[in-house]
Participant: 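Mind looking over this structure? Questions follow.
Here is how names work: the chains are called A, B, and so on, in the same order as the sequence lines, proteins then strands, and each is numbered from 1. Excluded from the calculations below are hydrogen atoms, water molecules and symmetry mates; all remaining heavy atoms, backbone and side chain alike, are included.
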Amino acid sequence: MTEFAGHLPGLSTEEVEWRVLDFAAWGESVQVSVPVLSEAQSLALAARVRENARAYLKTRSVAQIVATLDKAVARLLDRDDPWRRKAEALLPIVTGYDAETVRLGLSGYLRTFRAPQLQRFLAEDFANPAVLDAFQPAMKGGFTRAHGPELLLHVWAGNVPGLPLWSLISGLLVKAGTVGKVASAEPLLAGWFARVLGEIDPRMGECLAIVWWKGGDADSEQVWLDQADTVVAFGGNAALTAIRDRAPVTARFLAHGHKIGFGLVSAAALDTRRAGPLARLVAHDVMRYEQQGCYAPQMLFVERGGKISPRDFAEQVSRELAGFARRHPRRALSVAEAAGVASWRNAEEMRAFDGEGRVVLGDAADPWSVVLVEEAEPLAPSGLNRTLKIVAVDRLDDVIPLIAPFRAFLQSAAVAATPEELFRIAALLGEAGVTRICAFGRMTAPEAGWHNDGRFNLLDLVTITEIEQSAELAAEGFADYVD
Amino acid sequence: MTEAEIIEALLAFIDRDGATEAEFERVALDVFAYQFANNQPYRRFAIQRARTTLTVRHWRDIPAVPITAFKDLTLSCSPPERAQRVFMTSGTTQGGVRGCSYHPMLSVYDRSMLVNFRARLMKGLERIEMGILFPDEEAMPNSSLAHYLALAKRECGTAASEGFIGADGLDLARLIAALERAQASGQPYALLGASYSFVHLLDALAAEGRRFALPEGSRILDTGGFKGQSREMGADAFYDALSDALGVPRSACINMYGMTELSTQFYDDGNATCPPVKSGPHWIRSRVVDPVSGRDLPEGSTGVLVHHDLAHFNCVSAILTEDAGIMVEGGFRLLGRVDGADSKGCSLAVAEFLKAARG
C-alpha cells in the first residue's frame, strides 16, 4: 500500500520528486511517499500560498473560517468518512500505537477543535475576536486590528497523532498563509486535514501547503525559513537552536521544546476507596501515547501519611499498568528505545542494591516499569514507554525544590488533592514554572483553548495595527462635512 | 578456586590455539563460580536474577551486568584498595560519574591484549615502528587505552617508536618528521590512537596541504570514536580521508573496539567496506540480546551486545553494553551506541536532559 503525504496546491503529483518512507507495525506495512521539492518549486509554492491567503483567507471572517474548520473536523470525527477510515487504518502502522489508542486519541483530540471550542480558543486570546476581521474600538481610544502572518512556517516533530493540528489550526484562525513541515515519524495527518479543508472550501485549501524535508536538511530548511515571517518549531533544544540560528532575524520565532510532565498525589487522595481509581488514572496517563507527549507524566510525587502508603500506591499503579498492557499493548520499541528503557531500569536496579528505600516493581521483561523511591529525589526523565518513578515525600511542598531547578523543562503537572491544597500547591507550582495543572486521567488531553507552554497561541502569532486617536481626530479635520 | 588458580588457568587458556564452545563454557562456569563467590554486589545481582552456581549450566545463562553498574557498584573479587591498577571510564556519558574496573595485577590483561594484538595487528611482524596518537600512561594513569598503547609500543614497537600527544596536544612538526622518515625508509609504519586524534591530524595535514604515501605494509589502528572531542565524521569519509592523507589503503585501517569494562579487545580486518565484521579471540564471546528482556535474539536481528570476557576475571566477565550490534558469520557488526532514543513526541528524554544538566 502506498500513500502520498503532503498537500501541494498548484503542483501535480507528476511534477514532484517523491521519497518513500517505509513503516511497519502490528503485522502490516505501508509505504508513504513524501514530497522532495526543488528550490524553485518551494519558492513558487511559498509565493502561491502567500498570495492566495492575501486574496482569499484574509478576506474571510473569523466566523467563516471557524465554520470551515468545524466542517473539516466533523469529517475526521465521522467514523464512516473515508479520510477518518484511512486515518484509523494507517496511523497505527505508521506510529506503532495500538489501533484503539489511535482511535480514542483522535476523537478526543479532534473534539477540542469543534466550533464552540474554537470560539473558546479565540476568546481566550482576544477579548473581541472581531479584531481579526476589522478595526475595533480600543479602550484607550483609537482603533486596533490584528493581522496574522503572511507566511507562517510550522516545523513539526514526533509521531503523536494530531499534535500538528494544534498549531496548524491556530495559524488558520489568524488567517495566516500556512506551510507545515511534517515529521518523518508521522507525515500523514496534517496533509489529510489540509486536503479535507480543500474539499470543503477549495480556495481555502490553496492557502496552505504541507511539505516535507528530511530533519536536519539545512539547505531545504533554509529555503523555507527565508520565506517565512513567523516560524513555529517543535523539537529538542539542539534542533530548535539550529533552526533559530538560521531563521531571518526579522522573523518571529516561537519554539516549543521538549518538556517533562509529572504528578502530585496528596495524602488526602490515598484512602482505600479513592486510591484504586486514582491509580488507574495515573496508569492511563502513563500508557496513552507511551509518554511520548510532553504532557505525559514521567515522575510522581506521593505524600506520606495517607491510609495507603506510597509503596502500596506504587503497587496499585503497577497492577493497573499490567492491566493496560493487555488491553493496549505497548507499541514495538526500536533498539534505541528498548535500550533507553533497559538502561533506565538497570540503573535503578543497581541503585536499589546499594541500600533500602528503592524498589523496582515488575519483571524486566514486563512492558512497563515502576520504581518506588522512599527518599526525596529531583525531577528527572524516566525511560519513557511506560516507565514511571514514584517518589515518596513527607509534604507536597517538599516537591517544589525538587522541580524548581528544571524550570525550562516544566509544563504539565497533574494534582490529586483537596481544593485548598490544590490552590496552595498550584501557586507554588506556577512560581516554579509549571504552566498547566490538570487532573490525573487528563494529562494527555489538554482542554480546548489550552495555552500551550503557557503562551498565548493565537496572540503570539499576530501583529496589531493601531489607529491612534490623533489620526482619528485629525481625519475629522479633513472631512468634507467639516465646518 | 583461588585468585592464583584462576589466573593460572586463564593464562593457560589464552595461550591455547583456540577453543570450542564447550571448552569456553567450562572455563566460563569456573570464572562465574569464582565471581559469584567473591564479588558480593555481583552475587546479589545474580541472585536477584535467579541465576546462581546451582542454576547456571551454560555460559549464555551467566547474568550480564549492565555497564552502568560499574558507576554505581564496586565490582571486584579482590579488595579494591589492593588493585595494581584501576581503569576508569572517561565519565563523558553519565554526568561525570566514572565507572571503575579493578585489576589486582595486570598479567592476564596484558597477556590477553598482546596475544590478540599480535594476531590482529602485527600479523607476523615481530616489531614495527609506531606513532601513538594518545597521551601516555603517566599523563593518564587510569586510562585503559593509554596502558594498551604503551604495551603495544613497548612489546611490539621498534626503538624509534614515539608518542605525539603531549600536554599541548598534537605535536604536528615532530609527527610530520616521523612520517617523512618512514616514507623515505621504505619500512612499514603503524599509526595508532584515538579516532578523534586522527581527525585532528587530518585537519592539520589538510591545513598544511601535506599528504604522505607510507610504505607498503603500513597500518593504522583507530579506536573509541569521536566522543565530542573532534568533529563527527561518517565511517566512509573518515577512512577515505585517512587513506588519502597517509597512503594507507582502507583495508589496512583497522578499528579496535574495546571498553574499560573489558580486558580483551575486538578488531576488524580493515575497513575496505563499513561497517566491517568485528571479532575477538577464543576467550571472549558475544551475544546480541533484546535489552529489555535480556534474551538472545536470532542471528540477523539487531539488538544490544553482551560480551563475555573471561580475561576480565576480577570484576565481572559478562557485561551488557550500550552498543547496538548484529551477529553475522565470523563475528558481529557494530552499529553504534544506543543510549536511549529521543522521544517520538515532545517528551524530554534522558539523553537531552543529561546534556542540559551538563550545560
Side-chain angles (χ1 to χ4, degrees), chain A residues 95-96 157-160 163 183 185-186 234-239 256-261 289-296 298 331 333-347 349-354 363-367 369 380-385 405-406 408-409 411, chain B residues 40-45 47-50 64-75 93-95 97 288-295 297 301-305 320-326 335-357:
Chain A
T95 64
N159 76 349
V160 179
L163 272 188
E186 197 286 272
F234 299 80
N237 282 344
H256 293 282
H258 290 165
K259 299 290 190 295
I260 172 169
Y289 300 133
E290 318 291 2
Q291 292 166 305
Q292 303 297 309
C294 44
Y295 34 47
Q298 300 199 46
R331 58 184 250 286
L333 304 182
S334 70
V335 174
E337 287 172 319
V341 169
S343 116
W344 178 81
R345 188 184 158 98
N346 286 334
E349 271 187 352
M350 292 308 138
R351 268 173 243 151
F353 279 145
D354 265 358
D363 188 73
D366 285 332
S369 270
S382 73
L384 302 180
N385 296 300
F406 310 105
F409 295 121
Q411 181 208 67
Chain B
Q40 290 314 309
Y42 182 53
R43 182 191 184 90
R44 289 204 299 276
F45 173 82
I47 290 172
Q48 203 227 15
R49 298 274 160 109
V65 169
I67 54 165
T68 168
F70 285 82
K71 299 179 173 109
D72 293 310
L73 305 175
T74 302
L75 292 166
T93 51
Q94 225 190 37
V97 187
V288 165
V289 303
D290 171 350
V292 173
S293 68
R295 287 191 205 103
L297 289 171
S301 326
T302 302
V304 172
L305 285 161
L320 171 65
T321 69
E322 292 174 349
D323 297 318
I326 182 166
L335 304 173
R337 255 182 82 77
V338 280
D339 43 6
D342 248 4
S343 74
K344 299 256 182 187
C346 39
S347 230
L348 185 69
V350 175
E352 188 182 355
F353 181 78
L354 286 176
K355 213 158 134 200

Participant: Which one, C294(A), G158(A), A365(A), leads in non-hydrogen pairs under 4.5 Å with chain B?
Facilitator: C294(A)

Participant: To the closest 0.5 Å, what do you measure between CE (M350(A)) and CG (L75(B))?
Facilitator: 8.0 Å

Participant: Of the backbone (N, CA, C, O) and the side chain (C-beta and beyond), which part of S382(A) lies under 4.5 Å from a heavy atom of chain B, both, or neither?
Facilitator: backbone

Participant: Do other residues, nucleotides or ligands put more than 12 heavy atoms under 6.0 Å from R44(B) CZ?
Facilitator: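 Counting other residues, nucleotides and ligands, CZ of R44(B) exceeds 12 neighbours.
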
Participant: At a heavy-atom separation under 4.5 Å, does L163(A) approach chain B through its side chain, its backbone, both, or neither?
Facilitator: side chain

Participant: What is the minimum heavy-atom distance between P291(B) and V335(A), and which atoms define it?
Facilitator: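 Looking at all heavy atoms of both residues, the shortest contact is CG-O, 4.4 Å.
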
Participant: Okay, side chain of S347(B), backbone of Q291(A): is any donor-acceptor separation there less than 3.5 Å?
Facilitator: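 Confirmed, S347(B) side chain pairs with Q291(A) backbone.
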
Participant: For L335(B), is it the side chain, the backbone, both, or neither that has a heavy atom closer than 4.5 Å to a heavy atom of chain A?
Facilitator: neither

Participant: Heavy-atom pairs under 4.5 Å with chain A: which of D290(B), I67(B), L73(B), L320(B) has the most?
Facilitator: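 Answer, by heavy-atom pair count under 4.5 Å with chain A: L73(B).
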
Participant: Evaluate S343(A) against E322(B) for side chain to side chain contact (heavy atoms under 4.5 Å, CB included), listing each step before the verdict.
Facilitator: CA-CA 8 Å; S343(A) 116; E322(B) 292 174 349; 3.9 Å; yes

Participant: Let me know if E349(A) has heavy atoms under 4.5 Å from chain B in its side chain, its backbone, both or neither.
Facilitator: side chain

Participant: Does any backbone or side-chain atom of A352(A) lie under 4.5 Å from a heavy atom of chain B? Answer side chain, backbone, both or neither.
Facilitator: neither

Participant: Answer yes or no: is there a donor N or O on one side and an acceptor on the other, between the side chain of Q298(A) and the main chain of L348(B), under 3.5 Å?
Facilitator: yes

